[in-house]
Participant: 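The structure is given below, and queries will be raised subsequently.
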Protein chains: 2
Amino acid sequence: MRVKQARGASMSGSRIGLDALKAKVMSPEDAAALIGPGETVGMSGFTGSGYPKAVPTALARRIEAEHAAGRPFKLRVWTGASTGPELDGALAKANGIEFRLPYNSDPIAREMINRGEMDYFDMHLSQVAPMAWQGFLGPLDTALIEVTGIRSDGSLIPSSSVGNNKTWIERASKVILEVNRWQNPALEGMHDIYYGTALPPDRRPIPLTRPDQRIGEPYFRCDPAKVVAVVETDTPDRNLPFDAPGEDHRAIAGHLLEFFRHEVARGRLPANLLPLQSGVGNIANAVMFGLVDGPFEGTTAFTEVLQDGMLALLESGRLLSASATAFSLSPEAAHTLNADLDKLRDRLVLRPQEISNHPELIRRLGCLAMNGMIEADIHGAVNSTHLMGSRIQNGIGGSGDFARNAYVSIFMAPSTAKGGKISTIVPKTPHVDHINQDVQVLVTEQGLADLRALSPRQRAEVIIENCAHPDYRPALKDYLTRARRDSYGQQSPTLLMEAFAWHQRFIETGDMRG
Amino acid sequence: MRVKQARGASMSGSRIGLDALKAKVMSPEDAAALIGPGETVGMSGFTGSGYPKAVPTALARRIEAEHAAGRPFKLRVWTGASTGPELDGALAKANGIEFRLPYNSDPIAREMINRGEMDYFDMHLSQVAPMAWQGFLGPLDTALIEVTGIRSDGSLIPSSSVGNNKTWIERASKVILEVNRWQNPALEGMHDIYYGTALPPDRRPIPLTRPDQRIGEPYFRCDPAKVVAVVETDTPDRNLPFDAPGEDHRAIAGHLLEFFRHEVARGRLPANLLPLQSGVGNIANAVMFGLVDGPFEGTTAFTEVLQDGMLALLESGRLLSASATAFSLSPEAAHTLNADLDKLRDRLVLRPQEISNHPELIRRLGCLAMNGMIEADIHGAVNSTHLMGSRIQNGIGGSGDFARNAYVSIFMAPSTAKGGKISTIVPKTPHVDHINQDVQVLVTEQGLADLRALSPRQRAEVIIENCAHPDYRPALKDYLTRARRDSYGQQSPTLLMEAFAWHQRFIETGDMRG
């Protein structure tokens with residue numbers, strides 16, 4: 001009720017309900033001029049939602065002009081997670097980012113990182129806000145935050161993602177707001193901003209015991225005196241088109257749903273499952289679409305991101321409620337959500353990422369964590385981030401927060417990539433994001449490997465047999481046989497000088513098979 | 001008060017206060033005969049404390065006799081963590097262990113594991129009890145638990161470790177108790193057994209906000225009808241002699257204490273620090289002894305194990321209280337503890353390991369996690385478990401529980417081992433237990449690398465410069481220079497076919513330097 005009254009009060013007429021902030025409305029260029037070289041800027045944005053869209057672009061133009069004039073201008077950029085081309089893309093193209101955290105998926109920034117031209121600190125998403133408060137990331141000069149509106153008391157109606165915005169607003173010396181009229185005003189009331197965090201020794205239990213529970217406030221608190229600029233925009237979120245799940249993705253979803261049915265039948269999972277966490281991407285979407293047709297009623301989600309598949313599951317009624325920190329929708333799904341938002345709002349909660357990804361809550365709720373991977377080795381360690389051991393793809397994101405604390409930690413990918421030239425199952429991953437203890441189930445289109453309570457030696461047989469592509473299975477078996485004969489120790493049989501030969505061959509020939 | 005009254009009531013005369021259980025007293029051999037081949041046995045014991053000492057030895061003799069008669073007899077053995085030679089040593093020698101979890105440091109068992117003759121599932125210690133309840137580890141046939149005494153209501157006075165005993169007693173079909181008269185009766189009242197755990201969706205916040213807080217009961221609940229045997233013993237815990245810290249260990253402690261002083265001065269740590277977690281071993285002891293002479297008053301500990309150094313810190317008054325799941329003391333320190341137990345008891349709490357190592361509590365309390373390592377690579381990933389990538393040393397233990405959730409996660413080791421033949425800092429670790437995101441500080445006797453908010457590329461320079469031994473620094477710099485030139489990507493520069501050359505050279509020549 002409070003929410004609806006508040007919305008009526010704040011959103012009538014302009015989206016800027018406070019005169020003192022109306023007076024600070026200016027152009028993106030003028031706002032960008034308030035950010036100086038060498039600054040650290042904490043921006044909004046998570047998986048292409050709710051990122052600022054006008055000021056970063058204006059800032060990129062300014063940086064290009066400064067560079068053209070021979071003056072250095074680089075920033076340290078912090079966000080929630082990935083943003084859009086108007087932010088990471090534009091600033092990277094302008095060579096304006098010196099240091100980036102905690103996640104990037106922008107292709108231009110990725111290239112610069114992989115050429116060694118940008119420092120990238122790829123972080124567990126739950127740890128960004130606490131480490132900022134702990135003072136471990138250095139000072140924060142500017143918060144640049146997209147909001148849906150500003151209320152008459154100066155509090156802010158969050159946008160389509162929450163990310164680290166609460167922390168950036170509190171920690172920054174100055175705040176720049178982008179008020180995006182494109183964002184649906186019905187978002188108001190959907191957010192749950194928890195103000196109970198603290199530094200130790202004053203941290204207290206987070207009082208959340210159900211995914212749909214509200215423990216905070218629907219708005220960001222913000223001291224208007226810290227706001228140095230307000231910019232009005234009317235620009236859509238990135239909203240990438242949705243690729244329908246392919247055959248391999250549907251096969252993976254099928255194996256996983258069969259596993260869930262089996263676990264319910266054995267009494268190891270409740271009939272309505274446990275809160276679902278689903279990574280970003282096609283396979284995650286395929287699993288969600290699979291659940292639309294599946295036998296599980298009354299499910300919930302406690303996850304980072306709400307994608308098309310989860311929205312479909314919510315619309316189907318089989319998903320009762322979802323908690324996330326951001327939307328990541330196709331244009332079609334965004335249209336559906338906007339149309340149905342009044343109906344769905346009470347079943348959706350968007351939280352700060354320190355809460356959506358908090359180890360305390362993931363372990364308490366007992367999430368079923370489903371994340372994609374680049375590759376897994378025969379002992380069950382998973383690489384989520386690096387190609388050929390050195391080249392960053394995106395980042396670890398929240399996968400580590402969920403995998404280590406999940407009820408069941410599941411990693412999924414097709415068994416090959418690049419038309420069969422890359423095997424997802426390899427003798428050894430040249431980069432490890434998830435150690436074998438944090439990987440309980442592996443799934444490819446070939447099948448599912450249930451690794452619970454297996455030693456590394458036992459895991460190797462199950463992974464090769466159930467998950468590897470038949471084209472690579474003989475070579476994996478041959479490696480394992482020889483490693484069992486020649487390895488220095490037999491807890492995790494390894495042939496050191498051969499372990500990365502497949503990756504090296506791919507680098508040299510473009511095909512792991514040589 | 002309740003505790004003292006209870007002790008008076010229960011411990012007068014015999015240590016078995018319940019007649020129904022006095023009637024079940026029998027010899028170790030008769031008790032061992034109640035355990036059949038193929039059983040899973042959950043035993044007490046954590047870092048050589050509180051493990052059963054008579055029945056496992058009798059069981060080993062029985063297994064040897066069965067094997068001599070041509071009859072197979074192997075067990076699946078679960079514990080808290082490491083035990084003593086009477087348990088892991090005797091059973092391994094008898095070739096009686098088919099499968100072992102969650103931790104081993106016994107040399108005979110280690111050899112069998114590394115010959116591929118025993119399956120070992122090396123687990124995060126916080127996850128053992130939850131996974132047992134989730135049904136992921138399979139059924140538990142017998143709980144074999146050392147206790148200090150049995151009270152008149154059938155409840156059990158825990159011994160010198162708690163480990164997973166609560167869970168084993170609850171989950172097992174039958175219970176065998178060893179009542180060890182050697183254990184100090186003054187242990188009574190020191191334990192805090194939390195009975196508030198549950199399976200999701202019924203998990204609730206764990207109401208602990210201070211290391212010294214008591215949230216449970218001082219005794220194990222135990223249905224006397226499940227107890228099939230009681231064995232009386234009078235045998236000391238393993239209590240290995242204490243090696244005084246060497247020069248390298250004192251240098252490491254010095255660097256670390258300097259870091260703490262620096263962090264306090266910068267306002268990033270309170271003057272009394274935050275709850276200390278300290279791994280097992282000489283370096284951990286050296287740090288604790290360093291704190292005895294240090295400037296920090298009013299410290300606390302929330303850790304797994306209480307070692308000699310921490311006891312000295314407690315006796316000094318600089319450590320106000322310590323929470324752990326087990327003691328691991330030298331004979332001298334055990335003597336001191338026994339003499340002072342009445343005085344110290346209110347400042348010590350022993351908890352189940354699912355609580356002492358719970359991610360929720362570690363993150364809430366903001367522990368300063370200090371753990372040993374085998375090696376670290378130039379990007380800051382740490383190997384705690386495997387020699388040369390394949391040979392298990394001990395296990396990950398609680399290091400993963402603490403490292404990922406700590407306020408500051410610190411790993412420590414001398415910069416070389418085997419008289420300089422092994423470098424602790426290597427181009428790449430052939431086994432990863434702690435990913436770079438979980439390693440904020442590395443310390444060797446050479447110095448300390450503060451890795452907070454550094455990209456992998458930035459980390460490499462600091463680690464080589466501050467932590468590597470001068471004998472290995474030029475080769476590390478050379479590798480890094482070439483990796484920065486030739487690596488496939490530059491986020492984590494790596495030369496795949498050279499990454500493990502040092503380890504291979506050690507295997508072949510006994511010296512990484514070749």
Side-chain angles (χ1 to χ4, degrees), chain A residues 113-116 119-121 123-124 134-138 200-201 203-205 207 209 268 274 359-360 363-366 381 386-392 396 400 404-405 407 430-433 435 437 452-455 457-458 484 487-494 496-497 499-500 503-504 507, chain B residues 113-116 119-121 123-124 134-138 200-201 203-205 207 209 268 274 359-360 363-366 381 386-392 396 400 404-405 407 430-433 435 437 452-455 457-458 484 487-494 496-497 499-500 503-504 507:
Chain A
I113 294 165
N114 284 311
R115 287 198 303 266
D119 277 303
Y120 173 40
F121 180 32
M123 292 180 73
H124 295 303
Q134 287 166 209
F136 294 179
L137 307 180
R203 287 188 184 146
R204 294 291 170 265
T209 55
R268 288 194 293 243
L274 284 167
E360 171 175 341
R363 197 164 289 201
R364 181 182 303 149
L365 296 172
H386 283 64
L387 300 179
M388 307 302 135
S390 57
R391 187 184 156 80
I392 192 85
I396 196 168
R404 184 159 295 175
N405 295 293
Y407 196 81
H431 184 86
V432 175
D433 293 289
I435 63 174
Q437 287 90 343
R452 292 174 294 179
L454 298 187
S455 71
R457 289 165 54 84
Q458 295 172 314
R484 287 190 166 182
S487 176
Y488 186 68
Q490 288 297 333
Q491 169 68 359
S492 304
T494 304
L496 290 173
M497 297 316 286
F500 299 150
H503 297 83
Q504 185 65 27
I507 292 173
Chain B
I113 293 165
N114 284 311
R115 288 198 303 267
D119 277 302
Y120 173 40
F121 180 32
M123 291 179 76
H124 296 302
Q134 289 167 207
F136 294 178
L137 307 180
R203 287 188 184 145
R204 294 291 171 264
T209 56
R268 289 193 291 243
L274 285 166
E360 171 175 340
R363 198 164 287 201
R364 182 181 303 150
L365 296 171
H386 283 66
L387 301 179
M388 308 303 137
S390 58
R391 187 183 156 81
I392 193 87
I396 196 168
R404 184 159 295 176
N405 295 292
Y407 195 80
H431 184 87
V432 175
D433 293 290
I435 63 173
Q437 288 90 342
R452 292 174 294 177
L454 297 186
S455 70
R457 288 166 54 85
Q458 295 172 314
R484 285 188 168 184
S487 175
Y488 185 69
Q490 287 297 332
Q491 169 69 0
S492 304
T494 304
L496 290 173
M497 297 316 286
F500 300 150
H503 297 83
Q504 185 64 27
I507 292 174

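Labels below follow one simple rule: chain letters A, B, ... track the order of the sequence lines, proteins then strands, and each chain is numbered from 1.
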Participant: Quick one: which of A:Arg452, A:Arg115, A:Gln491, A:Glu360 has the most heavy-atom pairs under 4.5 Å with chain B, could you say?
Facilitator: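 Heavy-atom pairs under 4.5 Å are most numerous for A:Gln491.
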Participant: Roughly how far, to the nearest 0.5 Å, is the CD atom of A:Gln134 from the OH atom of B:Tyr407?
Facilitator: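 Those atoms lie 4.0 Å apart.
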Participant: Check each atom of A:Arg363 against the heavy atoms of chain B and say whether the ones under 4.5 Å are side chain, backbone, both or neither.
Facilitator: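 Contact with chain B involves both backbone and side-chain atoms of A:Arg363.
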Participant: Identify which part of A:Leu454 has an atom lying under 4.5 Å from any heavy atom of chain B, answering side chain, backbone, both or neither.
Facilitator: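 The answer is the backbone of A:Leu454.
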Participant: Taking ring-ring contact (aromatic ring centres under 6.0 Å, His included) as the test, write out the residues that go with A:Phe121, two or more places apart.
Facilitator: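 Per chain and number, A:Phe121 pairs via ring-ring contact (aromatic ring centres under 6.0 Å, His included) with no residue.
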Participant: Rounded at 0.5 Å granularity, tell me how far CD in A:Gln490 sits from OG in A:Ser455.
Facilitator: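 So the CD of A:Gln490 and the OG of A:Ser455 are separated by 11.0 Å.
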Participant: With a 4.5 angstrom heavy-atom cut-off, could you sort out which part of A:Leu365 is near chain B: side chain, backbone, both or neither?
Facilitator: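 Looking at A:Leu365, just its backbone touches chain B.
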Participant: Can you tell which of A:Leu274, A:Asp119, A:Asp433 has the highest number of heavy-atom pairs within less than 4.5 Å of chain B?
Facilitator: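 Heavy-atom pairs under 4.5 Å are most numerous for A:Asp119.
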Participant: Locate the shortest heavy-atom distance separating A:Phe500 from B:Leu496; write the atom from each residue and the value.
Facilitator: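 What the structure gives for the nearest pair is CD1-O, 3.5 Å.
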Participant: Can you tell if the side chain of B:Asn405 reaches within under 4.5 Å of the side chain of A:Pro359, non-hydrogen atoms only?
Facilitator: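 Counting from C-beta outward, B:Asn405 and A:Pro359 do come under 4.5 Å.
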Participant: Could you tell me which portion of A:Met388 (side chain, backbone, both or neither) has an atom closer than 4.5 angstrom to a non-hydrogen atom of chain B?
Facilitator: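 Contact with chain B: backbone and side chain both.
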Participant: Roughly how far apart are B:Ile113 CD1 and A:Arg457 CZ, rounded to 0.5 Å?
Facilitator: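 One finds 11.0 Å between CD1 of B:Ile113 and CZ of A:Arg457.
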Participant: Residues two or more places apart in sequence or in another chain: which of them pass ring-ring contact (aromatic ring centres under 6.0 Å, His included) with B:His386?
Facilitator: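 Checked B:His386 against ring-ring contact (aromatic ring centres under 6.0 Å, His included); matches are B:His431.
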Participant: Between A:Arg268, A:His124, A:Gln504, which residue shows the highest count of heavy-atom pairs closer than 4.5 Å to chain B?
Facilitator: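 Counting heavy-atom pairs under 4.5 Å, the top option is A:His124.
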Participant: Given that the side chain runs from C-beta out, which part of B:Met123 has a heavy atom under 4.5 Å from chain A: side chain, backbone, both or neither?
Facilitator: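 Looking at B:Met123, just its backbone touches chain A.
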Participant: Output the distance between atom CD1 (B:Ile507) and atom CG (B:Leu387), rounded to the nearest 0.5 Å.
Facilitator: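 Answer for the CD1-CG pair, B:Ile507 versus B:Leu387, is 10.0 Å.
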Participant: Report which part of B:Arg404 has an atom under 4.5 Å of a heavy atom belonging to chain A: side chain, backbone, both, or neither.
Facilitator: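 Both parts, heavy atoms under 4.5 Å.
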Participant: Could you tell me which of A:Ala453, A:Gly389, A:Ser487 has the largest number of non-hydrogen atom pairs under 4.5 Å with chain B?
Facilitator: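 Most pairs with chain B among the choices: A:Ala453.
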Participant: Who wins among B:Pro430, B:Pro493, B:Ala499, B:Pro201 for the most heavy-atom pairs under 4.5 Å with chain A?
Facilitator: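 Most heavy-atom pairs under 4.5 Å with chain A: B:Pro430.
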